[in-house]
Amino acid sequence: MIWWWRTRALTAVSIAFLASLVAGMVVGGEVLPLPSMAGSLLVPVVFALLLPLVPIILLWYGVDRSSGDLDATAVRAMAARDLSVAATMMLATAATVGVTSAAGWWDLGPGYLRNLIGCLGLAQIVAPLTGSRFAAIAPVAAVIISALFGTGNGGLVRWWAWPIADARAHLAFIEALLLMVLGGAVALCGVGRTRRRRLLPPPPPREGKRSHSGHLGPVSHEKL
């Protein structure tokens, strides 16, 4: 458990997650203008929608730097543990947003939660195709593409540009939920394949295969 925590850099991930959550509540309303192809318009995106990218990038960096032989020799499926980290982040965020929204403290909380779950799901969907090294690029690319092409004249956000939509846009939240469900299904399928490979018996040695000692494999002692 300790080696898994260290190799995945989960201390840095936890600090980044908590810091982004606090920053989202404190300075989340600050605006970062992003370029858009809709004329000379700059799309104002609040920091609360961008801050979830920080822990996601660090999470996938930790997955990438410890992938390979370490995952193959692990007693328990590393993918299941990684999935539990993502689930913990989403549940902690949902609880925080629920409390702060009920108290009227954080109006942008639903937008932070939406982009967190949507970007986590998107990264998990892309990971089997591009590898964990580039999994975090997908959420960043989604934000950039949404800013460039996801707005029309007058700053109207298109239906598919969920990362930059209003924090309380219902359609954008549904889209993020769908990405989360699909990403979770991809992750669970990966865990299932890992467990099935572990349960399969090793293949029998081939006849005549040369062993490490230099002798051929099963030799008959029956005399002619």
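Keep in mind it's a predicted model, so treat the numbers as computed, not measured. Keep in mind that the numbers below use all heavy atoms, side chains included, and drop hydrogens, waters and symmetry copies.
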Exercise for review: To the nearest 0.5 angstrom, please state how far the CG atom of Leu148 sits from the CD1 atom of Ile145.
Suggested key: 8.0 Å
Review point. Given side chains that start at C-beta, do those of Val186 and Pro128 come closer than 4.5 Å, heavy atoms only?
Key: yes
Revision key, fill the gap. Tightest non-hydrogen contact, residues Pro163 and Ala142, listed as CG-O, 4.0 Å
**Study point:** Exercise: identify the closest heavy-atom pair between Gly24 and Ala48
**Key:** O-CB, 4.4 Å
Exercise for review: Scan residues 146-174 for pairs that pass ring pair (Phe, Tyr, Trp, His ring centres under 6.0 Å), counting only residues two or more places apart or in two chains.
Suggested key: none
Exercise for review: Any side chain to side chain donor-acceptor pair (under 3.5 Å) involving residues 113-128? Give me the pairs, sequence neighbours left out, ordered by first then second residue.
Suggested key: none
Check your understanding: Atom CG in Leu108, atom CE in Met25: separation rounded to 0.5 Å?
Key -> 12.0 Å
Point to revise | Single-linkage hydrophobic cluster, 4.5 Å side-chain cutoff, Leu129 and Leu83 together | key: no
Practice item. For Leu32, check side chain to side chain contact (heavy atoms under 4.5 Å, CB included) against everything at least two apart and list the hits. Key: Leu34, Phe47, Leu50
Revision key, fill the gap. Sorted by chain and number, sequence neighbours left out, side chain to side chain contact (heavy atoms under 4.5 Å, CB included) with Ala23 holds for Val27, Leu51
Check your understanding: Say you draw a straight line from CD1 of Ile164 to OG1 of Thr151; how long is it, rounded to the nearest 0.5 Å?
Key -> 5.5 Å
Review point. In Å, rounded to the nearest 0.5 Å, how long is the span from CE of Met89 to CD1 of Ile117?
Key: 12.0 Å
Exercise for review: Would you kindly confirm whether Met37 and Val45 end up in one hydrophobic cluster when ILVMFWY residues are joined by side chain heavy atoms under 4.5 Å apart?
Suggested key: yes
Check your understanding: Which pair of heavy atoms, one from Leu116 and one from Met90, lies closest together, and at what distance?
Key -> CD2-CA, 4.2 Å
**Study point:** Smallest separation among heavy atoms of Ala165 and Val157, with atom names
**Key:** CA-CG1, 4.1 Å
Less than 3.5 Å apart, which donor and acceptor atoms pair up between the side chains of residues 52-59 and the rest of the protein, not counting sequence neighbours?
none

Review point. Does the side chain of Leu171 reach to within under 4.5 Å of the side chain of Glu175, using non-hydrogen atoms?
Key: yes
Practice item. Carefully, step by step, assess Trp5 and Val85 under the rule side chain to side chain contact (heavy atoms under 4.5 Å, CB included). Key: CA-CA 10 Å; Trp5 183 275; Val85 174; over 6 Å; no
Review point. If you group Ile, Leu, Val, Met, Phe, Trp and Tyr whenever their side-chain heavy atoms sit less than 4.5 Å apart, what else falls in with Ile137?
Key: Phe134
Practice item. First locate atom CZ of Arg8, then atom CH2 of Trp60, and finally report the distance between them rounded to the nearest 0.5 Å. Key: 9.0 Å
Revision key, fill the gap. Nearest heavy-atom contact between Val31 and Pro44 is CG1-CB, 3.3 Å
Check your understanding: side chain to side chain contact (heavy atoms under 4.5 Å, CB included) with Leu182: which residues, sequence neighbours excluded?
Key -> Ile125
Check your understanding: With hydrophobic residues grouped by side-chain heavy-atom distances under 4.5 Å, do Leu178 and Leu188 end up in a single group?
Key -> no
Check your understanding: Does Leu18 have any side chain to side chain contact (heavy atoms under 4.5 Å, CB included) partners at least two apart in sequence or in another chain, and if so, which?
Key -> none
Exercise for review: Sorted by first residue and then second, give each side chain to side chain donor-acceptor pair (under 3.5 Å) pair with at least one member in residues 13-26; sequence neighbours left out.
Suggested key: Ser20-Tyr112
Review point. What heavy-atom pair brings Ser36 and Val43 nearest, and what distance separates the two atoms?
Key: CB-CG2, 3.4 Å
Study note, to complete from the structure: residues 84-104 vs side chain to side chain donor-acceptor pair (under 3.5 Å), sequence neighbours excluded, gives none
